[in-house]
Participant: 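My structure is below; once you've seen it, I'll send some questions.
Values in this document were obtained by computation on a predicted structure and should not be read as measured data. Labels below follow one simple rule: chain letters A, B, ... track the order of the sequence lines, proteins then strands, and each chain is numbered from 1.
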Amino acid sequence: MTKDKLLLLDGNSLAYRAFFALPLLTNDSGIHTNAAYGFTTMLQRILEEEKPTKMLVAFDAGKTTFRHDTFTEYKGGRQKTPPELSEQFPYIRKLIDAYGIKRYELEMYEADDIIGTLAKEAATQNMDVIIVSGDRDLTQLATEQVTVYITKKGISEIEKNTPAFIEEKYGLTPLQIIDMKGLMGDASDNIPGVPGVGEKTAVKLLKEHGSVEALYEAIDTLKASKMKEKLVANEEQAHMSKKLATIFTEAPIEVSLADLAYNGPNEEELINVWQELGFKSLIEKSDFVVEEEERAPFAYEIVEDVKPEQLKDTMAVHVELEDEHYHTCQQLGLALTDGTDTFYVTFENAAKSDTLRLWLEDATKTKYMADSKASQAALKRAGIKLAGVEFDLLLASYINNPALSGDDVATLARDLGYRDVQANESVYGKGAKRAVPEQDVLAEHVSRKAFAVWTLQPKLETLLRENEQFDLYKNLELPLASILSEMESEGITVNRATLEKMGQELGEKLTVIEQDIYAEAGEAFNINSPKQLGVILFDKLGLPVIKKTKTGYSTAADVLEKLKPEHAIIEHILLYRQLGKLQSTYIEGLLKEIHEDDGKVHTRFQQALTSTGRLSSTDPNLQNIPVRLEEGRKIRQAFVPSHENWILFSADYSQIELRVLAHMSEDKNLVEAFREGMDIHTRTAMDVFHVSADEVDSDMRRAAKAVNFGIVYGISDYGLSQNLDITRKEAAIFIEKYLASFPGVKGYMDNIIQDAKFNGFVTTILNRRRYLPDITSSNFNLRSFAERTAMNTPIQGSAADIIKKAMIDMDARLKKENMQAKLLLQVHDELIFEAPQEELAMLEKIVPEVMENAIALAVPLKVDVNYGATWYEAK
DNA sequence: TCTTTCACG
DNA sequence: ACGTACGTGAAAGAT
C-alpha cells in the first residue's frame, strides 16, 4: 500500500482569502459566488497536484472559543463577516460534500485546533500531512512530515512552509513562530503581545534566547533599555499572548483519521452544485461525463425468436428508441427480464414474433417499464397494442421527486443509488458524433436498462408508499400515461392549405411593415435582433431607456408599449413582432410538424417534467396556440376534425385555480362567492374597493382580476405593481385590502409557508409533492422565490390533479357510453375532443358532468363547453 | 449553447 | 436593502 497523504484545509480562512482576492461575482439567481468559485479552483488545483488519500476541511464553530476564557477580547474588534460572504458558506459546504470531502467543526475550538490535533495524530501514524490555509499562524505546525501551504497573492500562489523554509525565512523553528506571535502580537486576532515589539525585534530576541519563557528567565541579564522596560512591564501579557497563539493539538475531536478517506467527488452532485452556482467553465473543463465507472458484469442473451417459455407472468420490458421523438424515430430493440434471465431482441424481429406480440398485448401479463407512454406509442406504430403495464420508472421517479431532470434510465437509476446502467450519452455519443452502436453494445445497454427497471420497481414503490403517494402514482399518473399515449397517437388534423394561405398574407404584411420600419429608422437592420434594435431605438433615435437586460437594452413589449408616444416606429415594431411570431412559430413551425401520411400533428405530452404536476407539450407545443389576439386566434381555424361531419368540442374549467384556493384556504368569503356563482373578479372588486356590484367599473374589475392572479402566483407588491403599471405602494394597499377581505386566504398563505419550512415540501390535493430547499435560505431572492412557489404550487398542482383525474374518468365514460368521440388535447384547464356531430348532445351532457365531479371540493367546479367545425369556432 | 422575446394557462 | 409575479416551449440572434 502506498503511504497515506492527509490534506487538511482551513475552511474559513480559505473562504475569506478567496472572497477578498476575487471581484464580487454574481450568478443568475443573484447570489454572490466569488468565494465559492475561488475555493473551488483552489481545491481543484490542490487535488490535482497532491492526490491526497485522506482529506478534511475544518471550520470555526460559533463565536466563542476556549481562548476567550483566557482573554475575553480575543478576536475582538473584528469586522463582521460581509453578508456577501456569509451567504456563500452554505454553498461552500455543499461543494465540499459534493467533492466527497469530510468537513468538521467543533464547539469552542477553532479550525486551527482541529487541524493541529489531526496533523499531530497523523504524523504519529507516519502519514504525510499537508495543511492549507491563508493564515500564517498555522506554520507553527510544520514538521518533517507536516508541510503548511499558505496562499499568497490572493489564491494564485502557494508558499510551502517546511521547517527548512521557515528556518531560512526567519531563522526560527516552526514552534518559535508561537513565541514570535507572543511577543509581537497579532492585530487581526486582537492578540496584544508586547507593545513596541515587532517582527524584527521578536526574531532577534528569540534567536538569542530561544523562547518567551527563556527570555524572561534571562531578563535580568539584559542591558537596561526602553525595550527591556517594555518587556518587563508586559510580561504577563506576553505569556498570555503566546498561550493565545498556540494551536491546541489535543482538541476533543470526534473524527478519526479512518473517517477521512478521500475517494473523489460525487460527479453528479458536484455538477449540480456547479450548475446552481453558474460555474459553466468548470463544467465544460471537467471530463466527468467521459470518465465512466466500471459496471458489474452482466449476463444477457441476444435471441432471434422469442420462445413462449421465455415470457413470464411478470417482466421488466424496455423498448429502446433511437431518440426522444417516439412518434417518428426508429425503434431499435427490446429487452426483457424476469430478474434471472435477460434477453434482447431487435425491434425488427420483435415485430415479427407473434409470441411476443400476444404477450405484450395480454393485459394479464404484468410489465414493468421505464417510460410506458413512449413505449406504447412506439409499439403502436408496429401494430402492437401494449397492455398490462403495472410499473413506470419515469412516472414513479417523477412523483417521488418532480425536481429530477432527465428521462434517461441511467439518470433515474443513479438517483436511487443504482449504477449498473450506462447513460445514453456514453453509449450513443452526443451532437454530431451521435450514432447507434454495434449490436453487442446496444443489446447490453438495453438489457441493463430492463434489469435496472426490474431492480428499482420494488424500491420506488416502497418509497411512494412511505410518502403516501402510491395512489397518486398508480391510479392517476400510470393510467393517464396510456390515455396520453392514445391522444398523441391519434393526433389532431391541421389544414395545411389554411396555414399556407395565412402565411402568404402574413408575409406580404410583414414586408410592408419592414419597409416602414427601415424608413423610420433611416436604415435597414435586423428587426429580430434585440441588440440591433436597441442600437436603433436608444442610440440612434435617442428614446429613453426604461429597462435593461444583463446584455443590454430591453426591447420587450411592455417597454415598447411605454415608448409608443415617443416615436411612430414603436407601433410598427410591435406589430412586426406580433405578426413575425405568428409566421415563424405558428405558421412555419406548425407546417413543419404536419405528418405527410395523415395530415395530423402528433405532439408529445411531457408527463414527468413540470415541478407542479402540470403536463407540457412539445413538437409541436399545442398548449400555447394563440387565442388572446384575434390575428393569432385565426391560427385555430387550421385545426379541424379528422372526419367529415365531425366537430371539435372544447370544455374548460372556469376559475379552477381560485376555486382550489377557496377549497384549500376555507376562506368563508371566497367559498361563499363561488357557491353563489358570482363573477369572482367583480366580487373581489366589491370587497377591495368597498362598493356594490353595480358600482364596479371595468378598471376596478381589471385591477381585481390582477390581484386574484397575484394571489395565485404568490403575491408580491412589486409584481402586482408591474402588472397594473401602478406604484408599489398602491399595489401594497390593494393586497392589504384583499387580505383583509379574505382573511382565510391570508391565514392559508402564512400557514403554507410555515409548513413548507417545517416539512421542506408542499403538497397538492392528491398528495403530489414539491420540495423547496430554498425556503430556509438566508438569500433573500432564493427564499422569496421559494415562498411564492410554496403558495402557488399547491394551487396550480391541485388544479393539475383535478384535470388529470377528469381525463381518466372521461376516458372511462366514453368507453362506457360506446362513443366515437376522442380526447385529443389537454391545455391545463381545458380538454379538446373531436366527435361525430351526432354525439354533440351527449358530449354536452357528460363532459361537464364528469369534469365537474372529478374531485369534490368545498366549492362547486364549473365547466363551460363550446364546439365548432374548427378549433377557432369551438371557443 | 445561452439569451431574449413572446405564445399559452 | 434585497429585485420578482406561477408554470411552460419555440424561434431567432448572439456567442
Participant: Ignoring hydrogens and angles, state whether a donor on the side chain of E657(A) or Q796(A) is under 3.5 Å from an acceptor on the partner side chain.
Facilitator: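 Q796(A) and E657(A) do not have a side-chain donor-acceptor pair below 3.5 Å.
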Participant: For dG3(C) versus dA7(B), give the span between their P atoms, rounded off to a whole number of Å.
Facilitator: 29 Å
Participant: Counting the atoms with a prime plus P, OP1 and OP2 as sugar-phosphate, which does A557(A) contact under 4.0 Å by heavy atoms, base, sugar-phosphate, or nothing?
Facilitator: sugar-phosphate
Participant: Under 4.0 Å between any heavy atoms, over every strand shown, what does G589(A) touch: base, sugar-phosphate, or nothing? Just pick one.
Facilitator: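 Here G589(A) touches the backbone only, sparing every base.
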Participant: For dT3(B) versus dT4(C), give the span between their P atoms, rounded off to a whole number of Å.
Facilitator: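 Approximately 14 Å lies between the P atom of dT3(B) and that of dT4(C).
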Participant: If you only use heavy atoms from C-beta on, which nucleotide in dA14(C), dA7(B), dA12(C) is closest to the side chain of Q532(A)?
Facilitator: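 Per side-chain heavy atoms of Q532(A), the pick is dA14(C).
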Participant: Counting any heavy atom closer than 4.0 Å, what does L609(A) reach on the DNA or RNA strands: base, sugar-phosphate only, or nothing?
Facilitator: sugar-phosphate
Participant: Categorize N621(A) for me: base, sugar-phosphate, or nothing, with a 4.0 angstrom heavy-atom threshold over every strand shown.
Facilitator: sugar-phosphate
Participant: Taking only N and O in the side chain of S584(A), is any of them less than 4.0 Å away from OP1 or OP2 of dA10(C)?
Facilitator: no
Participant: Are any of the side-chain nitrogens in K373(A) or E477(A) under 4.0 Å away from the carboxylate oxygens of its partner?
Facilitator: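 A salt bridge is absent here (no side-chain N lies under 4.0 Å from a carboxylate O).
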Participant: Across the strands shown, which category fits R728(A) at heavy-atom distances under 4.0 angstrom: base, sugar-phosphate, nothing?
Facilitator: base
Participant: So, is T551(A) close to the dT3(B) phosphate, meaning a side-chain N or O under 4.0 Å from OP1 or OP2?
Facilitator: no
Participant: Taking the side chain of F785(A) as heavy atoms from C-beta outward, which of dT5(B), dA12(C), dC6(C) is closest to it?
Facilitator: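 Selected nucleotide: dC6(C).
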Participant: Select base, sugar-phosphate, or nothing to describe what A786(A) touches, counting heavy atoms under 4.0 Å on all strands.
Facilitator: nothing
Participant: Give Q796(A) one of three labels, base, sugar-phosphate or nothing, depending on what nucleic acid heavy atoms sit under 4.0 Å from its own.
Facilitator: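 Result for Q796(A) = base.
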Participant: Select base, sugar-phosphate, or nothing to describe what L720(A) touches, counting heavy atoms under 4.0 Å on all strands.
Facilitator: base
Participant: Ion pair present between E631(A) and K581(A), side-chain N to carboxylate O less than 4.0 angstrom?
Facilitator: no
Participant: Decide yes or no, distance alone: a donor-acceptor N/O pair under 3.5 angstrom between the base of dT8(C) and the side-chain of R614(A).
Facilitator: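 Per atom types, no contact qualifies.
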Participant: Taking dC2(C) as the reference, what is the distance to dC6(B) when you measure between their P atoms (whole Å, please)?
Facilitator: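 dC6(B) and dC2(C) have their P atoms separated by 28 Å.
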Participant: Would you say CD of E630(A) has more than 12 non-hydrogen atoms from neighbouring residues, nucleotides or ligands within 6.0 angstrom?
Facilitator: yes
Participant: Assess whether atom NZ of K600(A) is packed by more than 12 heavy atoms of other residues, nucleotides or ligands within 6.0 Å.
Facilitator: yes
Participant: Give a yes or no answer on whether the side chain of T763(A) reaches the backbone of N767(A) with a donor-acceptor pair at less than 3.5 Å.
Facilitator: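 Between the backbone of N767(A) and the side chain of T763(A) there is no qualifying donor-acceptor contact (under 3.5 Å).
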Participant: By the 4.0 Å heavy-atom rule, please label D829(A) as base, sugar-phosphate, or nothing.
Facilitator: sugar-phosphate
Participant: Across the strands shown, which category fits S784(A) at heavy-atom distances under 4.0 angstrom: base, sugar-phosphate, nothing?
Facilitator: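 Contact class for S784(A): none.
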Participant: Answer with base, sugar-phosphate or nothing: what part of the nucleic acid does T793(A) contact at a heavy-atom distance below 4.0 Å?
Facilitator: nothing
Participant: If you assign R788(A) and D619(A) each to the DNA chain C nucleotide with the nearest heavy atom, which residue ends up on the more 5' nucleotide?
Facilitator: R788(A)
Participant: What contact category does K531(A) fall into here, base, sugar-phosphate, or nothing, at under 4.0 angstrom with non-hydrogen atoms?
Facilitator: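 Answer is sugar-phosphate: K531(A) comes under 4.0 Å of backbone atoms only.
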Participant: Give R577(A) one of three labels, base, sugar-phosphate or nothing, depending on what nucleic acid heavy atoms sit under 4.0 Å from its own.
Facilitator: sugar-phosphate
Participant: Could a donor-acceptor pair under 3.5 angstrom be found where the side chain of Q623(A) meets the base of dC8(B)?
Facilitator: no
Participant: Paired with dA1(C): which nucleotide, if any, by Watson-Crick or G-U wobble criteria at under 3.5 Å for both distances?
Facilitator: none
Participant: Taking a pair as Watson-Crick or G-U wobble with both distances under 3.5 Å, which nucleotide is matched to dT1(B)?
Facilitator: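 Partner of dT1(B): dA14(C).
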Participant: Below 3.5 Å, does any donor atom in the side chain of R628(A) face an acceptor in the base of dG9(B), or the other way round?
Facilitator: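 Per atom types, the contact qualifies.
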Participant: Out of dC6(B), dC6(C), dT5(B), which nucleotide sits closest to the side chain of S554(A)?
Facilitator: dT5(B)
Participant: Measuring from the side chain of V627(A) (C-beta onward, heavy atoms only), which nucleotide among dA5(C), dG9(B), dT4(C) has the closest atom?
Facilitator: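 Among dA5(C), dG9(B), dT4(C), the one nearest the side chain of V627(A) is dG9(B).
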